[in-house]
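I have placed the structure first, in the form of structure tokens, so that the comments after it can refer back to it.
None of the values given here were measured: they were computed from a predicted structure.
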Amino acid sequence: MKNKIIISNKGVTSNEDKVSLFIKWRYFLTQLIINKFKNFYKQTILGPFWAIINPIIFSGVFTVIFGKVANLPTDGAPQFLFFFSSVIIWNLFRSSLSSNVDLFVSSLPIFKNSYFPRILVPLANLIECLIIFSIQIFIFVFAIFFYKYKFNFTISIDLIDFLKIFIILFYIIILSFSFGLIFSCLNSKYRDIQHMVNFGMQFLFYGTPIVYSISMIPENYKFFFLVNPLVYPITLFKSITIGSQPPEIDYIYSSIIILVLALPISLKFFSYVERHFDDYI
Amino acid sequence: MTTYKKKLLEIKNVNKIYKFGTINYSTLIDEIQEFFSNIFKKKKSYMTRSADNNLYFNEKIANKSFFALKDINLSVYEGQAIAILGKNGSGKTTLLKCISRICFPSSGHIEVNGSIAPILNIGSTINPELTGLENIFFIGAMYGMKKKEIQIKQNQIIKFAEIEKFIDTPVKRYSTGMNARLALSIVIHLDVDIFLADEVLTVGDQNFKMKCIKKFKELLENDKKSIILVSHEIELVKMICTHAIVIIKGNSSKLMQIDEAYDYYNNLSN
């Protein structure tokens, strides 16, 4: 039995629920993800190895600049591992946010030609970032074991820590996804946003304890770090994986408040813009 | 003899309003004011209906907006082929977009009782980096096909597009004609109830055009599909469609026989 739908200015009313819609369109989702990877690695020789090379080179550069030259303390962890864990968790956030910012502009040809649930495209971007991240974390685990045998670096991770890591990853995914959606919606009308996001990312990169340890935050600047929702999850991730200083509990509040606000707002906003983007893009 | 026919599509009093000029306001202050007035004030109605059942804009937006579609009414039953005639910019494509959920009507509603395949901007969805075969799977999936369905129809699609030799070549090396043939051939093999075809018959050479028309006729007669066709090529339209509506500056005529519609349309343009 085919579904009956009614299209009006309020959107589409149909008797299909979200789950059955998702099952119906899951093949398109896999096609979008495959397509992204194919586009990304077409006519490259190293192909997916770039996902591995990228964090290694970045953490190498950070080790030289922030570790050797600037001599920032790493709370006793090996410098390369310290920067590696920072880079992969930051990259997950940055890539999954910025891949969605010009969503409506870059997907315009397929959006203008046929109907499918628009949320599939940002979802595919997110899953792509997650796949790349899971390759990188595999390399990271490998690097930890390497340091364990070579340099007697010890880190013990129990089951609770594993659970914590999953919660942190889940948190970062949801946060970057909802901010990605909000920015993509704004960007569909005001193209200033994509320039602003570039700057914002730079500010956030230096405003979060990524290349430095949380122990270095001066007391009178602490307020700026308290409102930054990334401070808690990223420093917690680093403290679990490489044993740097864990964050104080004060930092968790802004993380929770911003997540609780951002996700519903972004979904609501996105469903509004997907109805109207054709009028003003 | 009257046979029962399922109503696939019903368009009721559909209006679509667009604004003239650029969208963004001139200053940031204007933009912020607009944003807050949207949040706090009640939504004003844009239009009023006068006594003679005609729609008018409210004074405030009258010189900034126009009707792309105005009070469109249309019903489509299964097996029906309807042409939409009209000059450039008269709202034909907007109507198809509204039916296919790409944009939404400003008021009125559309009831859809089946699946729809919009063929609007043929060729733009093709990803030039991928090969022909990869594009078949991607576009098929975009129109809601399952993997198995595409695998079954894959050979039919390739044969119809006449690109057997080039199927594993990236599409960026295709000629324009091949590109368009591939796109159309994927869409024409979809298992949907209504095809919305916008200027698809301009694709390809005479041979391919006739093949498309034959395929459309098969779909209409054997499979009881419906087609809404927008085209400026009179002879080709007459071969497929039996009925037509004429849209003039967003206003539509009633459903007419195709010859009658063409007379009406030609009289208008003279």
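- Each of A/L169, A/I173, A/I174, A/L175 was compared with A/Y171 under the side chain to side chain contact (heavy atoms under 4.5 Å, CB included) criterion, and only A/L175 meets it.
- Of all the listed residues (A/R275, A/R118, A/R26), the one sharing the greatest number of non-hydrogen pairs under 4.5 Å with chain B is A/R275.
- No part of B/I139 comes within reach of chain A, as not one of its non-hydrogen atoms sits under 4.5 angstrom from that chain.
- Interface remark: of the candidates A/E274, A/Q31, A/K24, A/K38, A/Q31 forms the most heavy-atom pairs closer than 4.5 Å to chain B.
- Contact tally against chain A (heavy-atom pairs below 4.5 Å) for B/K16, B/M142, B/H109: the top residue is B/M142.
- Between the side chains of A/N228 and A/T208, at least one donor-acceptor pair of N or O atoms lies under 3.5 Å.
- The closest side-chain heavy-atom distance from A/V105 to A/R191 is below 4.5 Å.
- Residue with the most contacts toward chain A among B/C103, B/G140, B/A141: B/A141 (heavy-atom pairs, distance under 4.5 Å).
- Contact of B/S124 with chain A is made through backbone and side chain together, with heavy-atom distances under 4.5 Å.
- With a 4.5 Å cut-off on non-hydrogen atoms, A/N39 touches chain B through its side chain but not through its backbone.
- Annotation: A/W90 is in aromatic contact with A/F205 [ring centroid separation under 6.0 Å].
- Note: B/R101 leads B/K97, B/R101, B/E111, B/E129 in heavy-atom pairs under 4.5 Å with chain A.
- Of the two parts of A/L32, the backbone and the side chain both hold a non-hydrogen atom closer than 4.5 Å to a non-hydrogen atom of chain B.
- Side-chain rings of A/F116 and A/F111 approach one another, their centers coming within less than 6.0 Å.
- The main-chain N or O of B/P118 is found under 3.5 Å from a side-chain atom of B/Y143 such that the two form a donor-acceptor pair.
- Contacts with chain A were tallied for B/I110, B/L120, B/L96; B/I110 has the most, counting heavy-atom pairs under 4.5 Å.
- Side-chain contact between B/I157 and B/S185: present, with at least one pair of heavy atoms (C-beta onward) separated by less than 4.5 Å.
- Counting heavy atoms from C-beta outward, A/F183 and A/C185 have side chains that stay 4.5 Å or more apart.
- Of the atoms belonging to B/N127, it is side-chain heavy atoms, and not backbone ones, that fall under 4.5 Å from chain A.
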